[in-house]
Structure formats: structure tokens, C-alpha cells
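On a predicted model such as this, the values are computed, not experimentally measured, just so you know.
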Amino acid sequence: MVQLDPISMTLNADPLITAALKEDITREDITTNCVMPEACPGEVELLAKGDGVLCGMPVFARVFALLDPDTVVEALAADGNRVTPGQKLAIVRGDIRVLLSGERTALNYLQRMSGIATAARKVVDLLAECRSDLKLLDSRKTTPNNRLFEKYAVRIGGGHNHRYNLTDGVMLKDNHIAAAGSITRAVTSARAYAPFVHKIEVEVETLAMAEEALAAGADIIMLDNMDHDAMAEAIARINHQAEVEISGNITAEAIAKIADLGADYISSGALTHSAPILDLSLKNLRRL
């Protein structure tokens with residue numbers, strides 16, 4: 001499970017945030033230096049411009065702290081809170097040059113993470129209406145160098161994290177199966193190589209593949225882009241001998257039908273690769 005605790009922020013998030021700041025400021029913020037050549041204290045308000053779930057406040061604050069540790073972010077809302085247009089979410093105080101230079105990077109993180117949390121919450125709420133024990137998972141379809149933040153956002157939205165990266169778990173997909181020669185060979189090889197603490201998941205696209213994966217001893221069987229009847233038959237044949245994940249075309253319209261099939265998980269890459277941002281803004285800057 002992805003966390004943004006102080007240790008994770010220092011070891012994992014800070015280098016990524018610093019790289020984002022360097023991308024935006026190669027030598028100087030020339031516009032800010034034009035209008036604000038000397039340090040001057042000031043404050044600016046963070047405002048919501050849309051409805052959604054707030055996520056990324058620790059990252060938002062860290063952007064300004066990395067530019068100047070004396071910057072203070074007075075949070076008026078927290079990660080996981082639902083927000084509405086016009087709501088004041090925070091007040092940022094510090095050197096106006098820092099407020100101006102950090103604005104876009106801080107908002108980029110916060111808007112993106114809040115959009116993902118909002119998308120996840122919508123699906124989780126739909127699932128809760130049907131079957132509360134069916135878990136929503138994310139995927140590795142994340143923005144390069146932003147996986148830490150995006151998977152955290154899924155969790156804040158009420159979803160759960162699938163494996164973080166290729167080291168975390170064994171997932172035998174179509175090309176792995178092709179490389180091994182069959183599902184049975186792939187599972188046998190994985191069982192011999194991987195430490196016993198790792199579960200082995202197999203992605204299948206047909207009923208015959210699901211049966212082979214079950215016979216080979218897969219711990220989790222992912223039913224990928226299968227039609228409703230085929231999924232229902234596969235889950236009946238698996239009969240709780242392995243956990244079942246459903247993936248592919250997880251739309252709001254399909255959730256009610258999927259929820260009744262008896263799977264353990266549904267996974268959606270769209271949570272991270274297609275979620276729209278939540279519109280937020282820094283406004284009302286003033287000198288102090």
C-alpha cells in the first residue's frame with residue numbers, strides 16, 4: 001500500500017518533486033524576477049473550482065517547502081475530503097517569489113492527484129451500492145515518475161493498490177505465457193523461481209485458459225476482457241479455489257453486472273491513465 005509518510009516523502013517523493021521543479025525552473029523564474037526582484041512576504045489562497053475529492057496536500061505543501069523551508073501552508077481541508085466550487089482549501093504564506101515560482105508545479109500535482117481520487121471514489125461508491133466486499137484495484141498504467149503519487153491518490157479515493165512495480169508480484173500476462181510456452185509451464189517456472197511469499201497471478205482471456213491456470217495452481221486468475229457469460233462460467237468453475245480479478249472495460253454501466261459475478265477484485269487502468277483533473281486554483285495573492 002502506497003503511503004506518503006515523512007520517511008516516504010524524504011526518500012521517494014522529494015527527488016521526484018525536485019525534478020519537477022527543475023523541469024519548470026532551469027536557471028530562474030524570469031517573470032517573477034522581473035516583477036519581484038527582492039524578497040517580500042505574502043500569502044495566496046488555494047480555492048476549489050470543481051466538485052471532487054481532495055488529494056495531494058502533503059505534496060502541494062512540499063513543493064513550496066523545497067523552494068523555501070520557511071513557507072507555511074495552512075491547510076483548511078485534508079486528503080479525502082469532498083470539496084465544492086469556491087471552497088477555500090488552504091492559505092500559503094511566505095516569500096512571494098516562492099509562491100509564484102512554485103504555483104504551477106504544486107497545482108499540477110494537486111489537481112492530478114485529486115482527479116484520480118475523485119475518479120476512484122465514484123467507482124467505489126458504485127460498488128458499495130452493489131457489493132461492499134468487492135475491491136477496486138489500480139494498475140501500472142501510470143504516468144512515468146508519478147506512480148507514487150497516482151497510486152496514493154487511488155487509495156485516498158477508496159481504492160486499493162495492485163502491485164507497485166515489477167518487483168512486487170508475479171503476474172503472468174499473454175507475452176510471458178508465450179515466452180514460457182504455456183500457462184502450465186509459466187506457473188511451474190514461477191513457482192520454482194519466486195519466493196514463497198509471492199502470489200502468482202495469471203491473466204487469461206478464455207475459459208480454457210482459466211481452467212489451465214487453475215489446474216496449474218495459480219493463486220489469482222485475472223479474467224481480462226471476457227464477456228459476461230464467459231466470466232460467469234469461469235468464476236463458477238474456479239469455485240473459490242483461486243482468487244478472481246476482473247479487468248477490462250470497467251465502466252459505470254458495467255459495474256452492477258460485474259459486481260454480481262462473485263469475483264474478489266476488479267482492476268481499472270483508467271483510474272490513473274484517464275482521470276480528468278480536479279480544477280483548483282491559487283488566487284487572491286497579497287503582500288503582508
Which atom of [X] lies closest to which atom of [Y], heavy atoms considered:
| X | Y | result |
| --- | --- | --- |
| Asp125 | Arg82 | OD2-NH2, 2.8 Å |
| Ala242 | Asp264 | O-OD2, 4.4 Å |
| Glu205 | Met209 | N-SD, 3.5 Å |
| Ala216 | Thr184 | CB-CA, 4.0 Å |
| Lys88 | Leu47 | CA-CD2, 3.8 Å |
| Ala194 | His198 | CB-CB, 4.5 Å |

Just by modelled atom types, is the [Y] backbone N or O under 3.5 Å from a matching donor or acceptor in the [X] side chain?
| X | Y | value |
| --- | --- | --- |
| Asn161 | Val2 | yes |
| Ser8 | Asp5 | no |
| Glu211 | Ala208 | no |
| Asp79 | Met57 | yes |
| Thr71 | Ala65 | no |
| Ser281 | Lys283 | no |

Other residues, nucleotides and ligands only: do more than 12 of their heavy atoms fall within 6.0 Å of [atom1] on [X]?
| X | atom1 | answer |
| --- | --- | --- |
| Asp51 | CG | yes |
| Glu28 | CD | yes |
| Ile7 | CD1 | no |
| Arg185 | CZ | no |

side-chain contact (heavy atoms from CB on, under 4.5 Å) assessment of Asp138 paired with Lys141: CA-CA 8 Å; Asp138 54 22; Lys141 295 177 182 178; over 6 Å; no
Using a distance-only test with no angle check, is there a side-chain donor-acceptor pair under 3.5 angstrom linking Asn108 and Arg112? no
Under a plain distance cut-off of 3.5 Å, with no hydrogens placed, do Glu245 and Ser267 share a side-chain donor-acceptor pair? yes
Measure the spacing between [atom1] of [X] and [atom2] of [Y] and express it to the nearest 0.5 Å.
| X | Y | atom1 | atom2 | result |
| --- | --- | --- | --- | --- |
| Leu148 | Gln3 | CG | CD | 10.5 Å |
| Leu172 | Glu201 | CG | CD | 9.0 Å |
| Glu203 | Ile177 | CD | CD1 | 7.0 Å |
| Leu134 | Leu126 | CG | CG | 11.5 Å |
| Asp219 | Ile200 | CG | CD1 | 6.0 Å |
| Glu212 | Ile221 | CD | CD1 | 10.5 Å |

When hydrophobic residues are tied together by side-chain contacts of less than 4.5 Å, even through go-betweens, does [X] share a cluster with [Y]?
| X | Y | result |
| --- | --- | --- |
| Leu99 | Val59 | yes |
| Ile183 | Ile235 | yes |
| Ile277 | Tyr152 | no |
| Ile156 | Ile17 | yes |
| Leu107 | Leu100 | yes |

Which of these, Leu223, Asp174, Asp224, sits in a side-chain contact (heavy atoms from CB on, under 4.5 Å) with Val204? Leu223
Please identify which of these residues, Ile258, Asp260, Leu261, meets the side-chain contact (heavy atoms from CB on, under 4.5 Å) condition with His228. Leu261
Ion pair Lys151/Asp168, N-O distance below 4.0 Å: no
Charged N to carboxylate O under 4.0 angstrom, Glu243 versus Lys199? yes
Could you walk me through whether Ser101 and Ile25 pass side-chain contact (heavy atoms from CB on, under 4.5 Å), step by step? CA-CA 8 Å; Ser101 295; Ile25 310 170; 4.1 Å; yes
Do [X] and [Y] make a side-chain contact, defined as non-hydrogen atoms from C-beta onward lying under 4.5 Å apart?
| X | Y | answer |
| --- | --- | --- |
| Asp70 | Asp95 | no |
| Cys55 | Ile116 | no |
| Arg147 | Asn165 | yes |
| Leu127 | Ile266 | yes |
| Leu46 | Phe60 | yes |
| His162 | Arg140 | no |
| Glu43 | Leu288 | yes |
| Val63 | Leu110 | no |

Checking side-chain hydrogen bond (donor to acceptor under 3.5 Å, both in side chains) against Glu150, which of Thr272, Thr143, Thr142 comes through? Thr143
Where do Met113 and Leu4 land on the side-chain contact (heavy atoms from CB on, under 4.5 Å) test, with the steps shown first? CA-CA 13 Å; Met113 294 172 72; Leu4 286 180; 4.2 Å; yes
My understanding is that a hydrophobic cluster links ILVMFWY residues whose side chain heavy atoms are under 4.5 Å apart, including indirect links. Using that, what else belongs to the cluster containing Leu137? Tyr265
In short, ring pair (Phe, Tyr, Trp, His ring centres under 6.0 Å) pairs touching residues 103-148 with sequence neighbours left out are Tyr109-Phe149
